[in-house]
Amino acid sequence: MNTQHTDQESATGPATGWWTEAVIYQIYPRSFADSDGDGIGDLPGITARLGQLADLGVDAVWLSPFYPSPQADAGYDVADYRGVEPLFGTLDDADKLIADAHAHGLRVIVDLVPNHTSSAHAWFRAALAAAPGSPERGRYVFRDGRGPDGAEPPNDWRSVFGGPAWTRVTDPDGRPGQWYLHLFDTAQPDLNWDSPEVRAEFLDVLRFWLDRGVDGFRVDVAHGLIKQADLADWQEPQEILSGSDAQRPRPPMWDQDGVHEIYREWRRLLDSYDGQRILVAEAWVEPAERLARYVRPDEMHQAFNFEYLLAAWTAPAQYAVITRSLEATDAVGAPTTWVLSNHDVVRHASRLGLPIGVPRPNGIGVGDPQPDAALGLRRARAATLLMLALPGSAYLYQGEELGLPEHTALPDEARQDPTWERSGHTERGRDGCRVPIPWEADAPSYGFGPTDASWLPQPASWAEYARDRQAGTPGSTYEMYRTVLRLRREHDLGRGALRWLASGDEVLHFRTGEVGVLTNFGAAAVPLPEGAELLHASCPLDDGLVPTDATAWYRP
Ligand code: NOJ
């Protein structure tokens, strides 16, 4: 048995505020609720269902992008940062959503995409029409090509979605011209964050949404804005889902020190507003100490803990990632921000049903090894109870409260994630976690919208996951989430320190506040301590014992 605790004081004192322990629900607008029956979710659809999210018991919502966009990357290709994509509604709809969310006691976080714009953005169009070396091109990363006629890309960087990270433009006179950098799709040109104009523009975009009342921003690709000045070659593959790991030199496109002054400036702006507006970093950065630099007291408030999301379902791996993460964020006085699923990864109800130790797939298709659905859901429920007891904030991804699995049988022709095409059909990509979610078992599109239309097909088996089948049904995943979110509030979980009682090869066991938490990863059922009063468990106890792949919360 190994006993440790991580409640040491940080140099700056711990951060305080609503966000330090908030449970924040990610809404993926295309797939949450469709008010007009066109098969694509929209803002009025979300607004109409806010009451159900308040009833679930979350504190805030984060909305993936809903801005005007050609949707080359499902809205992460923004053509106008101050508007609403007509597919999703209008600016008035956004104002109403924010006001209604606040009336329900829910805070609202919106997505900010500062690493790149859409190629349809007015700035990029102007850059294409302008000459090399012009101020218009200076807002992006344009370079001459290599080789005698400039026909080779400026360096060897790969796009995260596959293929080269550079595209050559055709000049207004029809001749091949310079190349521009896009770490993602060709339709997502990277901005040049050395440009004062780019910096000023984003401060203004922040003000635009702060003035409309949003409570914070999730910052897309927060570790990517600054590139190493020499744009040096990098002979490694490029992956969206593994950050810079500690064993390798830091890639020239990720986690450069220069990003931090940008967030300090943003923080000063947010602090000038009332009501504790927050920044949360989407930064695929390892090790935990590097990630913690994004949440130093004068920078962002939160950074998604992706190392935790990626950790194997074993007691030693979970123990290691939890302790490492808490130590790293404690050292800068910040809470840790836990997450198990989002719109970029295989849903955890399926991911945890894959064999432990095999490489994690980027999407699953019919011909691929399939997850064990029952095992995945059982482990997902145990993982969720473990996560929601940890000190810090936690993010939930729409549908996980239903135990929703990945759609692992999407027809390849239906796929829309650019990864599928750009990887030359070697990676299926992220569509399987983005399928519109089921609300009512017997309604068209399971209540997603008023018609059968759904931009990605929903599997026939999803009726059983619908919210209305689960609400009020004891033991359902939905009721488990509601219950533990209520208990989390009642017992002030998410706040304070964690004290390990045991961590071995099979069991994790800790105290947080007045609650004991035990997760059993081993084959044999284990008892709770003498006199423990069960608060809730991820599945029924087995003769009073906590069975395999289960978590129990108890009062000692
Ligand atoms: C991260 C987002 O979560 C993902 O969906 C998107 O494709 C990339 N950033 C590029 O914006």
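Just follow the structure's listing: the first ligand is 1, and inside any ligand the first atom is 1.
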* **Selection from D344, D220, V113 by shortest heavy-atom distance to atom 9 (N) of ligand 1** => D220
* Closest heavy-atom contact between Y465 and G403? -> CE2-O, 3.4 Å
* Which ligand 1 atoms does V221 reach within 4.0 Å, using its non-hydrogen atoms? -> 9 (N)
* How many angstroms lie between CH2 in W284 and CG in L291, if you round to the nearest 0.5 Å? -> 11.0 Å
* To do: Pick one of side chain, backbone, both or neither for how Y28 approaches ligand 1, counting any non-hydrogen atom pair under 4.0 Å.
  => neither
* Asked: Does ligand 1 have an atom under 4.0 Å from some heavy atom of R218?
  -> yes
* **Under 3.5 Å side-chain donor-acceptor pair for N155 and W166** => yes
* At the 4.0 Å heavy-atom cut-off, does Q26 count as touching ligand 1? -> no
* **Which of the ligand 1 atoms, numbered from 1, are nearer than 4.0 Å to a heavy atom of H116** => 10 (C), 11 (O)
* State, to 0.1 Å, how close R324 and E307 come at their nearest heavy-atom pair, and which atoms those are. => NH2-OE2, 2.5 Å
* Structure fact -> Within 4.0 Å of some non-hydrogen atom of R430, the atoms of ligand 1 are 4 (C), 5 (O), 6 (C), 7 (O)
* Asked: Which is closest to atom 10 (C) of ligand 1 in terms of heavy atoms, D77, V345, L183, D73?
  -> D73
* **ring pair (Phe, Tyr, Trp, His ring centres under 6.0 Å) partners for H348, two or more places apart** => none
